[in-house]
Trainee: 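Can you keep this structure in mind? I'll have questions shortly.
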Amino acid sequence: MKVAKFGGTSMASAGQFQKVYEIIQADPERKIIVVSAPGKRYKEDTKVTDLLIALATQYLEHREAETELQQVVNRYREIADELQLDGLIIERITADLRDLLKLDTSNPDRFLDAVKAAGEDNSAKLFAAFLQSKGLDAHYVNPKEAGLLVSDEPGNAQVLPESYENLHALRERKGLIVFPGFFGFSPDGVLVTFSRGGSDITGSILAAAVKAELYENFTDVDSVYSVNPNLVSNPKEIKEITYREMRELSYAGFSVFHEDALLPAFSAGIPVCVKNTNNPDAPGTMIVSERHSAAETVIGIASDDGFCSIYMSKYLMNREIGFGRKVFQILEEEGISYEHTPSGIDNISVIIRDTNFDVEKEKRIEARIKNELKVDDIAIERNLALVMIVGEGMRRSIGVSARATAALAKANVNIEMINQGSSEVSMMFGVKAHDADFAVVSLYNEFFGNK
Ligand code: ASP
């Protein structure tokens with residue numbers, strides 16, 4: 001049995017619905033279909049999820065929201081009309097949306113989640129109806145009824161362990177299951193969404209729960225590329241990549257597959273295949289535990305910005321028992337999770353995400369570190385990017401960092417920080433955000449030979 005997830009662009013129009021139908025028909029093992037909300041049909045288009053966010057925001061701000069509601073309905077209507085589906089379905093979608101707007105708005109995050117989730121929910125209902133119109137035994141399945149339980153964190157749900165047992169029962173259902181991505185329910189029955197792009201997570205959870213032989217993630221590119229294709233033309237395609245490598249690349253900005261979607265598949269040992277709805281014959285990228293092509297030292301290069309560093313130095317820091325704990329305690333008390341902590345003998349830097357760290361927090365933390373830790377020096381630097389070179393093969397090769405630093409020097413990029421995790425799957429360079437793209441291109445040229 002395979003779980004196949006289709007992303008927003010795969011569900012964006014009637015033509016795309018038809019392609020997805022053909023993909024499902026081509027392999028009877030594709031039994032559980034997870035769908036996103038209709039996404040962009042062309043570059044300037046707006047995703048249904050974003051239309052729904054606009055609708056909810058209008059409503060929360062007590063403004064007339066009829067135009068926004070009609071924009072959402074029209075996206076579904078266009079698809080239904082072109083596929084000649086019963087008009088009743090659009091009436092139902094409209095009525096459901098109007099009912100949603102009657103929900104309690106006293107907790108805006110909850111309200112927003114309920115409205116956002118309507119994108120995938122209606123997409124699944126519409127797609128199931130389309131498959132039925134084609135004579136298939138297909139059924140929409142609601143995450144609540146199926147037992148997809150998640151933590152009660154609006155916009156950032158985490159799956160609860162009991163979901164796996166509940167969802168395992170889907171194996172026994174007859175026919176095709178069409179399951180909406182992106183949301184589950186808290187144990188109290190409240191709808192909660194994953195973070196943006198979270199339909200990938202739903203697919204991964206289902207694949208792990210039913211012990212699928214494969215989790216196929218259909219999107220709009222032929223494969224995962226070794227570098228951002230907006231920076232390098234015709235970059236090398238990745239045929240096979242390990243979960244660990246993919247995790248590192250997703251962390252640093254590879255957005256083809258949601259970072260949080262790896263864990264369920266990885267824990268259950270389910271291989272993931274990223275494929276293209278618009279070119280389903282292309283083999284795609286396999287994400288696996290061990291790759292056969294281990295010869296490749298570096299598999300990908302990525303970068304992400306929005307980081308800042310807190311640098312602290314204090315003479316004899318290395319001998320001061322408890323210094324590190326006190327730093328982390330301050331961060332914990334301020335509700336900040338840290339990303340990396342490169343350190344020297346008498347200094348340590350803590351790298352955190354900008355989004356975690358507003359100006360008020362910055363001032364408070366700076367004062368606390370000065371007063372409580374009595375450091376000699378503290379400097380906070382914003383606008384940093386992390387550039388990462390990723391590859392399991394680095395563990396066995398000599399000279400990767402020498403090549404990397406030479407490539408950065410060639411691009412005239414100053415390195416603010418170097419960090420090689422002890423797993424040696426990745427090497428990380430902190431650079432000024434405005435240097436990041438130059439750094440990535442130069443590293444790509446060095447390791448992939450496109451000189
Ligand atoms: N529709 C949601 C989003 O745009 C989830 C997804 O597509 O995976 O974030």
Side-chain angles (χ1 to χ4, degrees), residues 3-13 16-17 19-20 32-57 68 71-73 75-76 79 93 96-97 100 109-127 140 142-143 148 150 153-159 178-185 191-207 215-221 224 246 250 253-265 272-278 287 355:
V3 171
K5 179 255 162 178
F6 294 88
T9 51
S10 306
M11 305 305 295
S13 64
Q16 294 301 84
F17 267 47
K19 286 184 195 165
V20 175
I32 300 185
I33 314 301
V34 178
V35 296
S36 280
K40 293 186 181 197
R41 294 158 292 184
Y42 43 88
K43 205 161 166 262
E44 299 75 29
D45 200 11
T46 310
K47 292 170 159 201
V48 164
T49 310
D50 291 313
L51 293 176
L52 285 164
I53 292 172
L55 166 63
T57 312
E68 284 72 16
Q71 277 178 330
V72 175
V73 173
R75 287 294 306 267
Y76 293 106
I79 297 172
I93 289 178
D96 280 357
L97 284 170
L100 277 176
D109 293 336
R110 272 204 199 303
F111 178 76
L112 189 63
D113 265 17
V115 176
K116 269 195 292 188
E120 336 309 275
D121 204 42
N122 290 317
S123 187
K125 286 175 180 161
L126 193 60
F127 190 62
Y140 157 84
N142 185 276
L148 174 45
V150 296
E153 297 167 76
N156 191 32
Q158 309 294 319
V159 64
V178 183
F179 202 99
F182 194 37
F183 67 98
F185 287 84
L191 186 152
V192 199
T193 69
F194 296 117
S195 52
R196 289 298 305 266
S199 300
D200 287 352
I201 308 175
T202 308
S204 184
I205 294 167
L206 289 177
Y215 170 30
E216 292 178 308
N217 197 280
F218 281 89
T219 171
D220 54 6
V221 287
V224 178
M246 193 63 212
S250 310
F254 270 38
S255 56
V256 186
F257 191 59
H258 196 298
E259 196 185 349
D260 296 353
L262 281 165
L263 186 62
V272 181
C273 187
V274 176
K275 281 180 77 78
N276 190 353
T277 297
N278 305 317
I287 309 174
T355 42

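Atom set for the values below is all heavy atoms of this structure, side chains included, hydrogens, waters and symmetry mates excluded. All values reported here derive from a predicted model rather than from experimental measurement. Ligands are counted one by one from 1 in listed order, and the atoms in each one are counted from 1 as well.
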Trainee: Taking only residues two or more places apart in sequence or in another chain, which ones pass side-chain hydrogen bond (donor to acceptor under 3.5 Å, both in side chains) with Thr219?
Mentor: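 Here no residue qualifies.
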
Trainee: Would you please name every residue forming a side-chain contact (heavy atoms from CB on, under 4.5 Å) with Asp96, sequence neighbours left out?
Mentor: Asn122, Lys125

Trainee: For the side chain of Asp109 and the backbone of Pro154, is there at least one donor-acceptor N/O pair under 3.5 Å apart?
Mentor: no

Trainee: For Ser10, run the side chain to side chain donor-acceptor pair (under 3.5 Å) check against Asp220, Thr277, Asn278 and tell me which one passes.
Mentor: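 Answer after filtering Asp220, Thr277, Asn278: Thr277.
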
Trainee: Under the side-chain hydrogen bond (donor to acceptor under 3.5 Å, both in side chains) rule, collect the residues that match up with Glu153, sequence neighbours excluded.
Mentor: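 Here the qualifying residues are Ser151.
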
Trainee: Near ligand 1, which residues have a heavy atom under 4.0 Å away from one of its atoms?
Mentor: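 Close residues (ligand 1, cut-off 4.0 Å): Ser36, Lys47, Thr49, Glu120, Phe182, Arg196, Gly197, Gly198, Ser199.
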
Trainee: With a 4.5 Å limit on heavy-atom distance, are the side chains of Ser199 and Phe6 in contact?
Mentor: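 Counting from C-beta outward, Ser199 and Phe6 never come under 4.5 Å.
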
